[in-house]
Amino acid sequence: MTGSNQRIDGQRLWDSLMAMARHGATPRGGVRRLTLTAIDQAAREDFRAQCESLGLTVRVDAIGNMFARREGRDPTRLPVLLGSHLDSQPSGGKFDGALGVMAGMEVMRTLHDLGITTEAPLELVNWTDEEGSRFGLSLMGSGTWAGVYPIDRSYALRDIDGVTVESALREIGYQGPEPAAPFPADSYFELHIEQGPILEKEGAKIGIVTGAQAQVWWDARITGQDSHAGTTPPYARRDALVAAAQVITLVDRLMRDLGDKGRGDKGRGDDGRGTVGFLKVEPNSRNVIPGEVSFSIEFRHPDSAAIAVLARDFPAMARDAVAPTGCTLELTPVLHYDAQPFDAECVALVEAATKRLGYPARRVVSGAGHDAVYVARRMPAAMIFTPCKDGLSHNEAESIEPEEAEAGCQVLFEAVVARANRSLV
């Protein structure tokens with residue numbers, strides 16, 4: 001295989017991933033490392049210690065984002081950022097987010113070992129609460145930093161126990177003094193597992209990510225009337241779960257319509273995404289007709305216009321679906337963002353590194369939201385994907401091969417160093 005003689009240490013990277021996975025390890029081999037918990041605090045302290053052992057300067061902003069700086073040769077150059085997140089889903093895997101952070105650490109270690117000083121500084125980032133699994137707002141840390149979410153809104157978010165983001169930050173000691181706001185920076189690179197089956201299916205070792213899909217999310221609450229399951233006849237029922245089922249079926253149908261959009265005679269498309277992933281039924285008793293159901297709704301598509309149409313039309317369609325049940329529907333918008341293209345020059349650096357190293361690769365659009373989506377609103381950005389087994393993620397069985405992690409990290413190393421050393425003339 002051709003490529004740079006400056007090689008990252010694949011075994012060291014893998015060992016660091018396995019060590020980080022001990023923070024919140026589950027009996028089934030996954031990770032439960034919810035954001036701003038004591039377990040997250042331990043992972044953060046581990047991350048900080050590793051950074052400081054390499055001579056990096058670590059600072060923390062007001063939403064808990066961590067930035068570890070390695071100085072460059074030219075103090076006037078803007079830093080090149082790289083990283084991802086360390087928080088996980090409630091029953092997540094070892095690699096979602098952590099791969100990008102620990103690969104960034106390996107980039108720093110390799111530069112340290114080789115005695116290389118890049119022209120521009122480098123900053124390794126651990127973004128707070130990418131997953132949104134505790135406080136309900138995905139990409140909270142990067143979104144607050146990028147100005148998408150006002151910090152007061154983020155601080156006021158509560159988990160199911162009523163704990164606010166602000167109090168959780170204070171509890172673990174990570175409400176930092178730095179403002180949670182963009183600072184001058186050159187670019188951002190993020191390595192991540194694909195979380196889908198395309199790369200594995202096609203035998204590609206690297207995904208060159210050109211952008212991310214448009215998305216729209218709502219929180220839904222349907223209110224009916226809880227009553228006795230044995231004594232309430234059909235005509236008197238206002239079953240909130242039956243009403244929710246109508247909306248869930250609508251979401252699935254619209255997802256499939258999205259996939260077919262514009263495909264004509266080419267057959268069924270696969271671009272549409274529509275999901276209800278959270279459902280809470282009250283009073284949740286075997287012999288009581290459900291009186292209230294709360295659930296999440298989301299749609300994704302590479303075409304911003306398709307999502308804009310859904311954002312406009314879906315609320316009325318959902319209310320029409322609920323109306324025959326006698327229940328009422330409340331929809332609260334959570335997020336809506338357009339498809340986000342990544343910077344052509346940064347993407348080209350990833351592609352050039354991949355070709356130089358001889359890895360089989362393909363261009364992809366990210367189906368998932370990542371911190372890079374919001375960071376890309378503030379600076380040039382690009383992403384690198386590695387395959388994951390069976391496309392499985394957000395699951396304890398999430399798995400990648402050591403050589404896949406190594407390949408992704410090597411591409412990250414080459415792209416970041418090339419960007420940091422590029423001529424500005």
Q.
Checking D87 against H85: is there a side-chain donor and acceptor pair closer than 3.5 Å?
A. yes
Q: Please round to the nearest 0.5 Å and tell me the distance separating atom CE of M105 and atom CG of L17.
A: 11.0 Å
Q) Heavy-atom distance under 4.5 Å between the side chains of L157 and M140, does that happen here? A) yes
Q) Are side-chain heavy atoms of V251 and T275 found at a separation under 4.5 Å? A) no
Q: Kindly give the heavy-atom pair with the smallest separation between L392 and A397, and that separation in Å.
A: CD2-CB, 3.8 Å
Q: Mark yes or no for whether E123, through its side chain, and P79, through its backbone, hold a donor-acceptor pair below 3.5 Å.
A: no
Q) Measuring from E414:CD to R7:CZ, what's the distance to the nearest 0.5 Å? A) 7.0 Å
**Q.** Trace of the salt bridge (Lys or Arg N to Asp or Glu O under 4.0 Å) decision for R134 with D129
**A.** CA-CA 8 Å; R134 181 179 177 190; D129 196 8; over 6 Å; no
Q. Where is the tightest heavy-atom contact between F278 and S294, given as atom of each residue plus distance?
A. CE2-O, 3.9 Å
Q | Test side chain to side chain contact (heavy atoms under 4.5 Å, CB included) applied to L310 and L254, step by step | A | CA-CA 9 Å; L310 267 176; L254 291 174; 3.9 Å; yes
Q. Is the number of heavy atoms from other residues, nucleotides or ligands within 6.0 Å of CZ (R319) greater than 12?
A. yes
Q. Do R48 and V60 have side-chain heavy atoms sitting under 4.5 Å apart?
A. yes
Q: Step by step, work out the side chain to side chain contact (heavy atoms under 4.5 Å, CB included) result for L34 and Q89.
A: CA-CA 7 Å; L34 298 183; Q89 289 287 328; over 6 Å; no
Q: Check P387 against A204 and note the closest heavy-atom contact, atom names and distance.
A: CG-O, 3.3 Å
**Q.** Donor-acceptor side-chain pairing of Q215 and H301 below 3.5 angstrom
**A.** no
Q: Compare all side-chain heavy atoms of L412 with those of L82 and state whether any distance is below 4.5 angstrom.
A: yes
Q. Just by modelled atom types, is the L86 backbone N or O under 3.5 Å from a matching donor or acceptor in the N126 side chain?
A. yes
Scan the side chains in residues 106-114 for donor-acceptor partners under 3.5 Å anywhere in the protein, sequence neighbours excluded, and list what turns up.
from, atom 1, to, atom 2, distance (Å)
E106, OE1, R12, NE, 2.9
E106, OE2, D9, N, 2.9
E106, OE2, R12, NE, 3.3
E106, OE2, R12, NH2, 2.8
E106, OE2, T110, OG1, 3.0
R109, NH2, Q50, OE1, 2.5
T110, OG1, E106, O, 2.9
D113, OD2, R12, NH1, 2.7
D113, OD2, R12, NH2, 3.1

(Q) Check whether F135 forms a cation-pi arrangement with R158 (NZ or CZ under 6.0 Å from the six-membered ring centre, at most 45° off the ring normal). (A) no
Q. Q410 and I8: which non-hydrogen atoms are nearest, and at how many Å?
A. OE1-N, 2.9 Å
Q. Got a donor-acceptor contact below 3.5 angstrom from the R77 side chain to the A420 backbone?
A. yes
Q. If we only count heavy atoms from C-beta on, is the L349 to F189 side-chain gap below 4.5 Å?
A. yes
Q) Got a second to check how far Q195's CD is from N395's CG, nearest 0.5 Å? A) 11.5 Å
Q: Check whether any side-chain heavy atom of F47 sits under 4.5 Å from a side-chain heavy atom of V101, and report yes or no.
A: yes
Q.
I'd like to know if the side chain of T354 and the backbone of V350 have a donor-acceptor N/O pair within less than 3.5 Å.
A. yes
Q: Nearest 0.5 Å please: distance from the OG atom of S167 over to the CG atom of D159.
A: 8.0 Å
Q | Chi angles and distances behind the side chain to side chain contact (heavy atoms under 4.5 Å, CB included) call for L279, V293 | A | CA-CA 7 Å; L279 191 75; V293 178; 3.5 Å; yes
(Q) Can a donor-acceptor pair be found, under 3.5 Å and without considering hydrogens, that links the side chain of R33 to the backbone of M20? (A) yes
Q: Any side-chain hydrogen bond (donor to acceptor under 3.5 Å, both in side chains) involving residues 139-156? Give me the pairs, sequence neighbours left out, ordered by first then second residue.
A: S142-D371, T144-S154, Y149-Y374, Y155-Q175
Q) Would you say the side chain of Y174 lies within less than 4.5 Å of the side chain of T128, judging by non-hydrogen atoms? A) no
Q.
Between E202 and R362, is the salt bridge (Lys or Arg N to Asp or Glu O under 4.0 Å) condition met? List the steps.
A. CA-CA 9 Å; E202 298 188 6; R362 63 157 289 171; 2.8 Å; yes
**Q.** Output field: ring centroids W14/F95 closer than 6.0 Å
**A.** yes
Q: State whether the number of non-hydrogen atoms from other residues, nucleotides or ligands found under 6.0 Å of E345 atom CD is greater than 12.
A: no
For residues 377-384, dump all side-chain donor-acceptor pairs below 3.5 Å to protein atoms at least two apart in sequence or in another chain.
from, atom 1, to, atom 2, distance (Å)
R378, NE, A146, O, 2.8
R378, NH2, A146, O, 2.8

Q | Test log, rule ring pair (Phe, Tyr, Trp, His ring centres under 6.0 Å), inputs Y337 and W217 | A | CA-CA 9 Å; Y337 59 72; W217 294 14; 8.1 Å; no
Q) Which atom names give the shortest non-hydrogen contact between Q213 and R273, and what distance separates them? A) NE2-CG, 4.1 Å
Q) For residues S393 and E398, is any side-chain donor paired with an opposing acceptor at under 3.5 Å? A) yes
(Q) Keeping T386 on the side-chain end and K205 on the backbone end, is there a donor-acceptor pair under 3.5 Å? (A) no
Q.
To the nearest 0.5 Å, what is the distance between CD on E298 and CE on M255?
A. 11.0 Å
Q: Apply side-chain hydrogen bond (donor to acceptor under 3.5 Å, both in side chains) to E396 and S91, showing your working.
A: CA-CA 6 Å; E396 290 166 288; S91 55; 4.8 Å; no
Q: Show the numbers, then the answer: is there a side-chain hydrogen bond (donor to acceptor under 3.5 Å, both in side chains) between D96 and H192?
A: CA-CA 7 Å; D96 178 0; H192 208 281; 3.0 Å; yes
Q) Just how far is it from atom CG of L99 to atom SG of C409, taken to the nearest 0.5 Å? A) 8.0 Å
Q. For F342 and H370, what are the C-alpha separation, side-chain angles and deciding distance, and is it a ring pair (Phe, Tyr, Trp, His ring centres under 6.0 Å)?
A. CA-CA 12 Å; F342 290 145; H370 297 286; 8.7 Å; no
**Q.** Check: E401 main-chain N/O paired with E404 side-chain donor or acceptor under 3.5 Å
**A.** yes
Q. Ignoring hydrogens and geometry, is there a side-chain-to-backbone donor-acceptor pair from R300 to G367 under 3.5 Å?
A. yes
(Q) Tell me whether R59 forms a cation-pi arrangement with F183, defined as NZ or CZ under 6.0 Å from the six-membered ring centre and within 45 degrees of its axis. (A) yes
(Q) With a 3.5 Å distance limit and no angle check, can you tell me whether K94 reaches the backbone of G29 through a side-chain donor-acceptor pair? (A) yes
Q) Minimum heavy-atom separation for V216 to A311, with atom names? A) CG2-CB, 4.0 Å
**Q.** Contact check, side chains of F295 and I222, non-hydrogen atoms, under 4.5 Å
**A.** yes
Q.
Can a donor-acceptor pair be found, under 3.5 Å and without considering hydrogens, that links the side chain of Q246 to the backbone of L250?
A. no
